[in-house]
Amino acid sequence: MSEIAYYCSNVQNFLMDDNATILGILTQQHGFSLEHQQKNAWIAQVNLLKANLPTNLNGAIYFEFRIPRMGKRADVLIVFNGIIFVIEFKVGSDKFDHYAIDQVH
């Protein structure tokens, strides 16, 4: 299992990688019983990011990034020009619950 994230790549390669390959890597790295909800969330995240990230973005992308010393993971990190964008998805949710806001914080 990767030490830093379930899936990591540069953005251009992520955009070109086959969705099934990305899902396979995420599933293999997960190491727990995989629920349909988690699998569907990853599929939605990959589709959303592929549809919205610029093809010329010169950065790195990490799915299920392990946050050091916290024992938690962020859904997605994108690193671009020294800036770290932390993205926490709530796929299927239509509101921001208190626990979701706390999780992002």
Side-chain angles (χ1 to χ4, degrees):
M1 198 179 318
S2 170
E3 292 294 318
I4 193 167
Y6 288 7
Y7 172 90
C8 55
S9 181
N10 66 49
V11 173
Q12 288 96 4
N13 286 345
F14 164 72
L15 293 171
M16 291 186 300
D17 277 352
D18 180 68
N19 289 8
T21 299
I22 296 169
L23 182 61
I25 292 168
L26 289 168
T27 301
Q28 186 176 30
Q29 294 296 318
H30 186 53
F32 301 100
S33 177
L34 185 62
E35 298 178 15
H36 290 291
Q37 184 178 1
Q38 179 63 67
K39 180 187 78 164
N40 292 336
W42 284 333
I43 291 168
Q45 292 168 19
V46 168
N47 288 334
L48 181 82
L49 290 167
K50 282 190 170 194
N52 290 287
L53 287 174
T55 57
N56 62 346
L57 183 67
N58 188 18
I61 188 166
Y62 303 87
F63 277 78
E64 299 296 335
F65 181 85
R66 287 182 180 83
I67 302 170
R69 297 188 306 257
M70 287 189 72
K72 299 181 183 228
R73 292 188 313 269
D75 288 340
V76 175
L77 254 68
I78 297 175
V79 181
F80 172 68
N81 283 346
I83 301 169
I84 300 170
F85 296 90
V86 181
I87 304 170
E88 188 65 32
F89 289 92
K90 294 300 173 207
V91 175
S93 183
D94 59 355
K95 61 182 176 170
F96 298 109
D97 295 320
H98 184 65
Y99 83 91
I101 295 169
D102 287 344
Q103 184 180 17
V104 170
H105 183 264

Residues Asn40, Glu35; criterion side-chain contact (heavy atoms from CB on, under 4.5 Å); working and verdict: CA-CA 9 Å; Asn40 292 336; Glu35 298 178 15; over 6 Å; no
Taking Glu64 for its side chain and Arg73 for its backbone only, find out whether a donor-acceptor pair lies under 3.5 Å. no
When you compare the side chain of Asp17 with that of Tyr7, does any pair of heavy atoms fall below 4.5 Å? yes
So which heavy atom on Val86 is nearest to which on Ala74, and how close? CG1-CB, 3.9 Å
When hydrophobic residues are tied together by side-chain contacts of less than 4.5 Å, even through go-betweens, does Ile83 share a cluster with Val11? yes
At what distance, to the nearest 0.5 angstrom, does CD1 of Ile84 lie from CD1 of Ile78? 12.0 Å
Side chain to side chain, Ile87 and Leu77, heavy atoms closer than 4.5 Å: no
Is the closest side-chain heavy-atom distance between Lys39 and Thr27 below 4.5 Å? no
Candidate pair Leu23 and Ile43, rule side-chain contact (heavy atoms from CB on, under 4.5 Å), full reasoning: CA-CA 7 Å; Leu23 182 61; Ile43 291 168; 3.9 Å; yes
Heavy atoms, side chains only, cut-off 4.5 Å: are Val76 and Glu88 in contact? no
Does some side-chain heavy atom of Val79 sit less than 4.5 Å from a side-chain heavy atom of Tyr62? yes
Measure centre to centre between the rings of Phe14 and Phe63, then say whether the value is under 6.0 Å. yes
Stepwise, does the side-chain contact (heavy atoms from CB on, under 4.5 Å) test hold for Ile61 with Asn13? CA-CA 10 Å; Ile61 188 166; Asn13 286 345; over 6 Å; no
Backbone of Leu48 reached by a side-chain donor or acceptor of Asn52 within 3.5 Å: yes
With a 4.5 Å cut-off on side-chain heavy atoms, are Leu49 and Phe89 touching? yes
Heavy-atom distance under 4.5 Å between the side chains of Gln12 and Asn58, does that happen here? yes
Polar side-chain atom of Asp18 near backbone of Ala20 as donor-acceptor pair, under 3.5 Å: yes
Between Trp42 and Gln37, is there a side-chain heavy-atom distance shorter than 4.5 Å? no
Can you give me the closest heavy-atom contact between Val46 and Ile22, atom names plus distance? CG2-CG2, 3.8 Å
